[in-house]
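Working notes, beginning with the structure itself.
Remember, it's a predicted structure, so these values are computed and weren't measured experimentally. Labels below follow one simple rule: chain letters A, B, ... track the order of the sequence lines, proteins then strands, and each chain is numbered from 1.
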There are 2 protein chains.
Amino acid sequence: MTSFISRYKLVLIYGVSCALLLFLMKWLEVRFLILSHSMELFIGALALLFMVLGIWLARKVYEPKVQTVIVEKTVEVPNQSFVFNEQEAARLGISKRELEVLELMSQGLSNQEIADRMFVSLNTVKTHASNLFVKLDVKRRTAAIETARKLNLVR
Amino acid sequence: MTSFISRYKLVLIYGVSCALLLFLMKWLEVRFLILSHSMELFIGALALLFMVLGIWLARKVYEPKVQTVIVEKTVEVPNQSFVFNEQEAARLGISKRELEVLELMSQGLSNQEIADRMFVSLNTVKTHASNLFVKLDVKRRTAAIETARKLNLVR
DNA sequence: TAAGCGTTCATACTTTCGGGTGATTTCAGG
DNA sequence: CCTGAAATCACCCGAAAGTATGAACGCTTA
């Protein structure tokens with residue numbers, strides 16, 4: 001919204017500048033015709049001047065657009081979201097239920113709480129956990145969480 | 001590298017176009033002078049045309065530069081490094097030793113391993129751990145790790 | 001100097017975790 | 001149809017984790 005307003009302001013300013021410049025050119029034209037009558041040089045200078053003006057105008061107008069794009073990008077990037085490493089899970093042969101246990105484990109839940117959430121017995125959770133520890137080559141649930149995090153299996 | 005080549009190609013093409021356009025303008029100038037002698041209109045048209053050309057040229061040339069800037073920004077941003085939340089640690093009243101225990105805990109070490117590393121007894125580690133659990137308002141070490149991570153106290 | 005805090009450690013006890021073993025069911029694939 | 005993997009559950013036992021309580025020491029601050 002504000003970028004549009006500022007852009008319009010710029011256009012207005014440059015429009016007025018162009019008008020003034022045109023008057024200047026006309027005055028110069030008269031001078032030129034009187035002095036040397038070298039029309040070709042005048043035409044060339046005029047063309048060059050206005051092309052430069054055009055380039056300058058375009059740069060001024062389009063530069064804010066550049067900055068806007070950059071802002072969008074910088075906002076977009078900090079999505080350091082977690083991407084599950086399917087390859088690693090498959091390589092280690094971790095099953096669906098084991099992964100569920102791992103996930104809940106990493107959230108700080110006890111085996112009993114995990115059992116309640118998954119609607120299975122405590123013993124089942126223990127079995128899944130044991131299998132996980134073998135597959136992740138660890139001896140404790142805290143180490144399992146650490147390893148799983150490093151392998152992008154959780155969070 | 002390739003962007004520079006393509007940009008130079010563009011400039012060359014537009015340079016040639018400008019030259020051709022100048023010749024066209026001169027020819028038109030003669031026509032104009034013969035037909036109506038309306039110099040003001042001719043000057044205005046010429047100025048407008050070359051300004052538009054300048055704008056067009058600037059846009060074409062500067063657009064690839066925009067993309068380059070975006071790339072630089074996206075490369076710059078992914079510094080997702082861990083910054084220890086000192087305020088939160090102070091707010092919760094977590095001491096140095098407790099923090100050390102928390103750190104080692106989050107690395108998957110057992111109480112005995114932590115005790116060995118810190119050159120204190122197992123009981124001392126347990127005491128620190130218990131105090132941590134109270135301060136972090138949790139009941140298990142896994143939950144403590146989870147909470148500590150969310151508060152940027154570890155890793 | 002007394003009070004408070006952090007650190008250290010201890011004993012005793014309960015709970016949770018993890019290993020080992022074995023059993024059943026289900027379901028996909030040779 | 002048989003096999004094997006996955007999922008489910010059970011029992012036992014030892015290890016680890018966690019709770020409760022108490023105590024000693026050093027440092028800082030009111």
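Rounding to whole angstrom units, CD of residue Q112(B) and C1' of dG14(D) are separated by 16 Å. The NE2 atom of H128(B) sits 8 Å away from the C1' atom of dG6(C) (whole-angstrom rounding).
Here N123(A) lies in heavy-atom contact (under 4.0 Å) with a base. Within 4.0 Å of S110(A), counting heavy atoms only, lie sugar-phosphate atoms of the nucleic acid but no base atom. Contact annotation for T124(B): base contact, defined as any heavy-atom pair under 4.0 Å involving a base atom.
Residue L122(A) is not grouped with residue M105(A) when hydrophobic side chains (ILVMFWY) are merged at heavy-atom distances under 4.5 angstrom, including chains of intermediate members.
Contact detail for V101(B) and I114(B): the closest heavy-atom pair is O-CD1, 4.1 Å.
Comparing the helix axis at one end of the helix from dT1(C)-dA30(D) to dG30(C)-dC1(D) with that at the other, each defined from 5 consecutive pairs, gives an inter-axis angle of 40° (nearest 10°).
Environment of CZ in R155(B): crowded, with over 12 heavy atoms of neighbouring residues, nucleotides or ligands closer than 6.0 Å.
DNA chain C is contacted by both T142(A) and K126(B); K126(B) maps to the nucleotide lying nearer its 5′ end (nearest heavy atom per residue).
The side chain of S130(B) sits closest to dT19(D) out of dG18(C), dC9(D), dT19(D). Among the nucleotides dT7(C), dC9(C), dG18(C), the one closest to any side-chain atom of S121(B) is dC9(C).
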